[in-house]
Amino acid sequence: MDNKETTKLVALIAQLWPAMKINAATPDAWHLVLSDLPLDVAQQAVANLAKSKVGYIGVADIRHQAAEDAGLMPIEQGIAYDMAAKVGLNSGTGARMLPGPVQDAYWQMGGSQAFEGDAAMVRSRWNKVYDACCAKRTKELLSGDLGASIAVARASAAIDAP
C-alpha cells in the first residue's frame, strides 16, 4: 500500500468511527506499519472489524484481522490437539504434514511418545505447549511482512482451486 492508499484507508476508518481521533499525521503514522498490506486486504479487514469490533480500531487490529481473513492464524486448540493426537497414535505418520504451530507443538511435546499417556494429562500439557507455539508464530507473522505471507497464501489457494 502506498501513502495515497493509506490515506484512503484512514478516510474510510474516519467514516466508520467518526469519533475516533484522526489528524493529518495519522496516515503517515499508520503507513509505517501497514505499508506491506495490499489496500484491498486492509479495506476488507477494516470492513470485517466494523461489523464486530466494539470500540476503536488500531493498526494491530487491522493486521490481525487481515491475517485471520487470509487463513494464516493458528487453528483452534481442540482441532489442533485432535490432529496431533491422531498423528501421535499412528506412530508419527504424517507429522511433517501438520500445520506450522501444530507441528511445532507436536515435536516440543516429544513426538508420538507424548500421546501415549493419560489423555487428560497429555491434553493439559498440549494446551500450554500449543499456546506458546501459537503466540510465537503469531508474533512473527504479524510483525513480519504480512503482505508477502498473504500473497503466498493467495497463490497457494489459486493453485489448489479446481
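Keep in mind it's a predicted model, so treat the numbers as computed, not measured.
Judged purely by distance below 3.5 Å, without hydrogens or angles, the side chains of D104 and Q108 never pair a donor atom with an acceptor atom.
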Practice item. Show your working on side-chain contact (heavy atoms from CB on, under 4.5 Å) between M73 and L141 and close with a plain yes or no. Key: CA-CA 9 Å; M73 297 303 288; L141 174 68; 4.1 Å; yes

Review point. Should D69 and Q65 be marked as a side chain to side chain donor-acceptor pair (under 3.5 Å) after you check the CA-CA gap, both sets of side-chain angles, and the distance that decides it?
Key: CA-CA 6 Å; D69 292 347; Q65 186 66 49; 2.7 Å; yes

Point to revise | Worked verdict on I75 versus M83 for side-chain contact (heavy atoms from CB on, under 4.5 Å) | key: CA-CA 10 Å; I75 59 176; M83 293 170 74; 3.2 Å; yes

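For the pair N90 (side chain) and T93 (backbone), a donor-acceptor distance under 3.5 Å is absent. In this structure, D36 contributes its side chain and L146 its backbone to a donor-acceptor pair below 3.5 Å. Counting only distance, with no hydrogens or angles, the side chain of Q103 and the backbone of R96 share a donor-acceptor pair below 3.5 Å. When atom types are taken as modelled, the side chain of W17 and the backbone of I57 share no donor-acceptor pair closer than 3.5 angstrom.
In this structure, L39 CG and T6 OG1 are separated by 8.0 Å, a value rounded to the nearest 0.5 Å. Rounding to the nearest 0.5 Å places CD of E68 at 10.5 Å from CG of L142. Rounding to the nearest 0.5 angstrom, the gap separating the CG atom in L89 from the CD atom in E116 is 8.0 Å. Interatomic distance, CZ of R125 versus OH of Y81, reported as 12.0 Å (0.5 Å rounding). Here R63 contributes atom CZ and I150 contributes atom CD1; the two are 8.0 Å apart, rounded to the nearest 0.5 Å. In this structure, CG in L34 is found 12.0 Å from CD in E5, a value given to the nearest 0.5 Å.
Between P74 and T138, some side-chain heavy-atom pair lies under the 4.5 Å cut-off. Within the 4.5 Å cutoff, no side-chain heavy atoms of K8 are placed close to those of L12. In this structure, I22 and Y56 have side chains that are not in contact, with every pair of non-hydrogen atoms separated by 4.5 Å or more.
Ionic pairing of R123 and D118 is not present here: no N-O contact between side-chain nitrogen and carboxylate oxygen is shorter than 4.0 angstrom.
Summarising the geometry of A70 relative to A153, their closest heavy-atom pair is O-CB, 4.1 Å, with the distance given to 0.1 Å. The minimum heavy-atom distance linking V122 with A114 is given by the pair CG2-O, 3.2 Å. In plain terms, the two heavy atoms of P101 and C133 that are nearest each other are O-CB, 3.9 Å. When all heavy atoms of A84 and V102 are compared, the pair lying nearest together is CB-CG1, 4.2 Å. Taking all atoms of both residues into account, the shortest heavy-atom contact from Q77 to Y130 is CA-CE2, 3.8 Å.
Shown here are the salt bridge (charged side-chain N to carboxylate O under 4.0 Å, His left out) partners of R154, two or more places apart in sequence or in another chain: D40. Shown here are the side-chain contact (heavy atoms from CB on, under 4.5 Å) partners of V87, two or more places apart in sequence or in another chain: A95, L98, Y106.
A chain of hydrophobic side-chain contacts below 4.5 Å, direct or via other Ile, Leu, Val, Met, Phe, Trp or Tyr residues, connects M109 to I79. If you chain together hydrophobic residues whose side chains sit under 4.5 Å apart, V41 and V152 never meet in one group.
Listed by first and then second residue, the salt bridge (Lys or Arg N to Asp or Glu O under 4.0 Å) pairs that reach into residues 74-89 come to none, sequence neighbours excluded.
Counting heavy atoms of neighbouring residues, nucleotides and ligands inside a 6.0 Å radius, atom NZ of K128 does not exceed 12 of them.
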